[in-house]
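Have a look at the structure that comes next, please.
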Amino acid sequence: MAETAPVLKVRGLTTTFETAQGRVTAVDNVDLDVFSGEVLGLVGESGSGKSVTLRSLIRLIHAPGRVTGTVEWEGRNLVDLPDPALRRVRGGEIAMIFQEPMTALNPILPIRVQIDENLRAHTTMDAAQRRKRMLELMDIVGIPAAARRLEEYPHQYSGGMRQRAMIAIALASSPRLLLADEPTTALDVTIQDQILNLILDLREEFSMSVVLVTHDLGVVASTCDRVAVMYAGRIVETTSVHDIFARPHHAYTRGLIGSVPRGGSERTMLMSIEGTPPSLAHMPRGCSFNPRCTFATDKCASSVPHLEHIEPEHTVACFHHEAVARAGVSQ
């Protein structure tokens, strides 16, 4: 990866909101690279800023929110791109699968109209070509009886089928980057596996990159090539999936991995992360994880660690990453 240029290069991405309690920073100076054909997992607890990060990449943040930084996509900074040009990128070049399809899909329009909207906006197909493409998309995502089901409404679909319909809409214009915001949330395990395998198959078929937001480390292990760990709006560690599980260098990553049961091992107490994530309106001084960290020192409470390379493809924001790595992940 280090020898190739990323297709998406994010530097200093910051998203703030003006609230009654003052300005809060939901995404804080995030740096990310996404390479061609890879699946990058973005993991962390609920409220860590994962979904806001995805929306910020394509500027789906509205007032009182504000996005700054650089999101470089094919030589263009999406943060500064004029709205007409940005609308051509959204859906056409970069597509997004939202977290809850029942709220993302329009309940009063049939699925046909919602797929057709993407095709009309981002292709030059005529009505007959669009109809043929819609049937192809329904077949690709595994929705049977496509001609009939295109005329049905979201409430007539099951949860898994609604998610498949969302994927069909996202893929309509053959995007080169897919942003998937917890696409398996609230689905049973069998359907989760089907959806994830579908995304991987489509990655191969369409030669696209994927940013997959999840809090499920099992999904990360089976699906992703690299992983970025997020806490309180900041990236705290990035590396390959193998390295993140074998030797985490951030205490938060270590806690996440240690809290997952492992098959085939003797029954022991799981590791837990004490406390709760901080309020964005009242962030602790220094490292935002220090109140919950067993490795924290006075330096952690007074200074913010910056993301730095400890290996060519491994970055971490921790003053005591060597001690964390030596401690390992014990059950």
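Predicted model only: the values in this text are computed from it and were never measured.
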(message) Nearest 0.5 Å, please: how far is CD in Glu117 from NE2 in His122?
(response)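 Spacing of NE2 (His122) from CD (Glu117) equals 8.5 Å.
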
(message) Given 3.5 Å as the limit, does a donor-acceptor pair link the side chain of Asn290 with the main chain of Arg285, or not?
(response) yes

(request) Report the C-alpha separation of Ile115 and Leu150 in whole Å, then their side-chain angles, then the decisive distance to 0.1 Å, and conclude whether the side-chain contact (heavy atoms from CB on, under 4.5 Å) test is met. (result) CA-CA 9 Å; Ile115 301 177; Leu150 275 173; 4.0 Å; yes

(message) Quick check on side-chain contact (heavy atoms from CB on, under 4.5 Å): which of Thr315, Val316, Leu42, Val27 does Ile235 satisfy it with?
(response)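 Exactly one option meets the side-chain contact (heavy atoms from CB on, under 4.5 Å) with Ile235, and it is Leu42.
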
(message) Filter on salt bridge (Lys or Arg N to Asp or Glu O under 4.0 Å), then keep only pairs touching residues 76-89, sequence neighbours left out; what's left?
(response) Arg59-Asp83, Glu74-Arg76, Arg76-Glu93

(message) Restricting to non-hydrogen atoms, name the atom on Asp28 and the atom on Thr14 that form the minimum distance, rounded to 0.1 Å.
(response)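 Here Asp28 and Thr14 meet closest at C-OG1, 4.2 Å.
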
(message) For a 4.5 angstrom cut-off between non-hydrogen side-chain atoms, does Trp73 reach Val89?
(response)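 A side-chain contact under 4.5 Å exists here.
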
(message) Quick check on the hydrophobic clustering: are Leu40 and Leu200 connected, directly or via other members, by side-chain heavy-atom contacts under 4.5 Å?
(response)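 Looking at the clustering, Leu200 is in the same group as Leu40.
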
(request) Supply the atom-to-atom distance Phe98 CZ to Thr103 OG1, rounded to the nearest 0.5 angstrom. (result)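 It is 9.5 Å, given to the nearest 0.5 Å.
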
(message) Tell me whether the rings of Tyr231 and Tyr252 are parallel (<30°), tilted (30 to 60°) or perpendicular (>60°).
(response)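 Tilted: the ring planes of Tyr231 and Tyr252 meet at 30° to 60°.
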
(request) Spell out, as yes or no, whether a donor-acceptor pair under 3.5 Å connects the side chain of Arg176 to the backbone of Ser36. (result) no

(request) List the atom of His215, the atom of Gly44, and the distance in Å for their closest heavy-atom pair. (result) CB-O, 3.6 Å

(message) Just so I know, are the side chains of Pro175 and Ile94 near enough to count as touching, which here means a heavy-atom distance under 4.5 Å?
(response)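 Sidechains of Ile94 and Pro175: no contact.
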
(message) On a heavy-atom basis, which atom in Arg203 and which in Val210 lie closest, and how many Å separate them?
(response) CG-CG2, 4.2 Å

(request) State, yes or no, whether a side-chain contact exists between Val79 and Thr68 at a heavy-atom distance under 4.5 Å. (result)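 Heavy-atom side-chain distance check fails, nothing below 4.5 Å.
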
(message) Donor-acceptor pair, distance only, cut-off 3.5 Å: does the side chain of Asn197 make one with the backbone of Asp193?
(response)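 Such a contact is found between Asn197 side chain and Asp193 backbone.
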
(message) Distance check, rounded to the nearest 0.5 Å: Tyr157 atom OH versus Ile143 atom CD1?
(response) 5.0 Å

(message) I'd like to know if the side chain of Thr70 and the backbone of Glu72 have a donor-acceptor N/O pair within less than 3.5 Å.
(response)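 No: the side chain of Thr70 does not pair with the backbone of Glu72.
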
(request) Look at Arg162 together with Glu152 and state whether they make a salt bridge at an N to O cut-off of under 4.0 Å. (result) no

(request) With sequence neighbours excluded, give me every salt bridge (Lys or Arg N to Asp or Glu O under 4.0 Å) pair touching residues 287-308. (result)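 Checked against salt bridge (Lys or Arg N to Asp or Glu O under 4.0 Å) - neighbours excluded - the pairs reaching residues 287-308 are Glu45-Arg292.
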
(message) If hydrophobic clusters are built by linking Ile, Leu, Val, Met, Phe, Trp and Tyr wherever their side-chain heavy atoms come under 4.5 Å apart, do Ile257 and Phe295 end up in the same one?
(response) no

(request) Would you check if the side chain of Gln114 reaches a backbone N or O of Asn106 as a donor-acceptor pair within less than 3.5 Å? (result)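 Side chain of Gln114 to backbone of Asn106: a pair is present.
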
(message) Quick check on the hydrophobic clustering: are Ile111 and Tyr153 connected, directly or via other members, by side-chain heavy-atom contacts under 4.5 Å?
(response)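 Not linked; separate clusters.
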
(request) Kindly say whether Cys318 contributes a backbone atom to a donor-acceptor pair with the side chain of His320 at under 3.5 angstrom? (result)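 No, because the side chain of His320 does not come within donor-acceptor range (under 3.5 Å) of the backbone of Cys318.
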
(message) Rounded to the nearest 0.5 Å, what separates atom CZ in Arg90 from atom CG in Leu179?
(response) 11.5 Å

(message) Using the rule that Ile, Leu, Val, Met, Phe, Trp and Tyr join whenever any side-chain heavy atoms are under 4.5 Å apart, tell me whether Leu60 and Leu178 fall into a single cluster.
(response) yes

(message) If you compare all heavy atoms of Ala172 against all heavy atoms of Leu137, which two are closest, and at what distance to 0.1 Å?
(response) CA-CD1, 3.6 Å

(request) Using modelled atom types only, decide if a donor and an acceptor are shared between the side chain of Gln163 and the backbone of Gly160 within a distance under 3.5 Å. (result)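 Looks like no, no N/O pair under 3.5 Å.
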
(message) Checking Gln21 against His282 for the side-chain contact (heavy atoms from CB on, under 4.5 Å) test, could you report, in this order, the C-alpha distance in whole Å, the side-chain angles of both residues, the deciding distance, and whether it holds?
(response) CA-CA 9 Å; Gln21 296 177 300; His282 303 286; 3.9 Å; yes

(request) Test side-chain contact (heavy atoms from CB on, under 4.5 Å) on Val43 and Thr214 and set out the steps. (result) CA-CA 5 Å; Val43 303; Thr214 182; 4.0 Å; yes

(message) Within the 4.5 Å heavy-atom criterion, are Ile310 and His249 side-chain neighbours or not?
(response)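 When only atoms from C-beta onward are counted, His249 and Ile310 do touch, with a gap below 4.5 Å.
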
(request) Would you give the length of the straight line joining atom OG of Ser173 to atom CG of Leu119, rounded to the nearest 0.5 angstrom? (result)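 One gets 5.5 Å once the value is rounded to the nearest 0.5 Å.
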
(message) Quick check against the 3.5 Å criterion: does Arg164 have a side-chain atom that pairs as donor or acceptor with the backbone of Val141?
(response) yes

(message) Testing the basics here: between Thr253 and Glu237, what is the closest heavy-atom pair and its distance to 0.1 Å?
(response) OG1-OE1, 2.8 Å

(message) Quick check against the 3.5 Å criterion: does His250 have a side-chain atom that pairs as donor or acceptor with the backbone of Ala317?
(response) yes

(request) Could you please spell out the steps behind the side-chain contact (heavy atoms from CB on, under 4.5 Å) verdict for Gln192 and Ile195? (result) CA-CA 5 Å; Gln192 283 186 27; Ile195 295 296; 6.0 Å; no

(message) Quick check: do Leu177 and Ser209 have side-chain heavy atoms less than 4.5 Å from each other?
(response)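 Of all side-chain heavy-atom pairs linking Ser209 with Leu177, at least one is under 4.5 Å.
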
(request) With rounding to the nearest 0.5 Å, note down the distance linking OG1 in Thr238 to CG in Leu307. (result) 5.5 Å

(request) Decide, yes or no, whether a salt bridge links Asp33 with Arg11 under the criterion of side-chain N to carboxylate O below 4.0 Å. (result) yes

(request) Compare every heavy atom of Ile140 with every heavy atom of Leu198, then report the nearest pair and how far apart it is. (result) CD1-O, 3.5 Å

(request) Check the hydrophobic clustering (I, L, V, M, F, W, Y; side-chain heavy atoms under 4.5 Å; chains of links allowed) and say if Phe206 and Val39 are grouped together. (result)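 In one cluster with Phe206: Val39, yes.
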
(request) Side-chain contact test, heavy atoms from C-beta onward, threshold under 4.5 Å: evaluate it for Ser259 versus Ile273 and give yes or no. (result)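 Side-chain contact under 4.5 Å: no.
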
(request) Say whether, by atom type as modelled, one donor and one acceptor occur between the side chain of Asp181 and the main chain of Ile97 under 3.5 angstrom. (result)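 Checked: no pair found.
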
(message) Within the 4.5 Å heavy-atom criterion, are Leu135 and Asp139 side-chain neighbours or not?
(response) no

(message) Between Glu136 and Arg133 (salt bridge meaning N to carboxylate O under 4.0 Å), is one present in this structure?
(response)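 Judged by the 4.0 Å cut-off on N to carboxylate O distance, Glu136 and Arg133 do form a salt bridge.
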
(request) Would you indicate whether Glu322, at its atom CD, is surrounded by more than 12 heavy atoms from other residues, nucleotides or ligands within a distance under 6.0 Å? (result)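 No.
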
(message) Quick one, Asp243 and Glu313 - any side-chain contact, counting heavy atoms below 4.5 Å?
(response) no

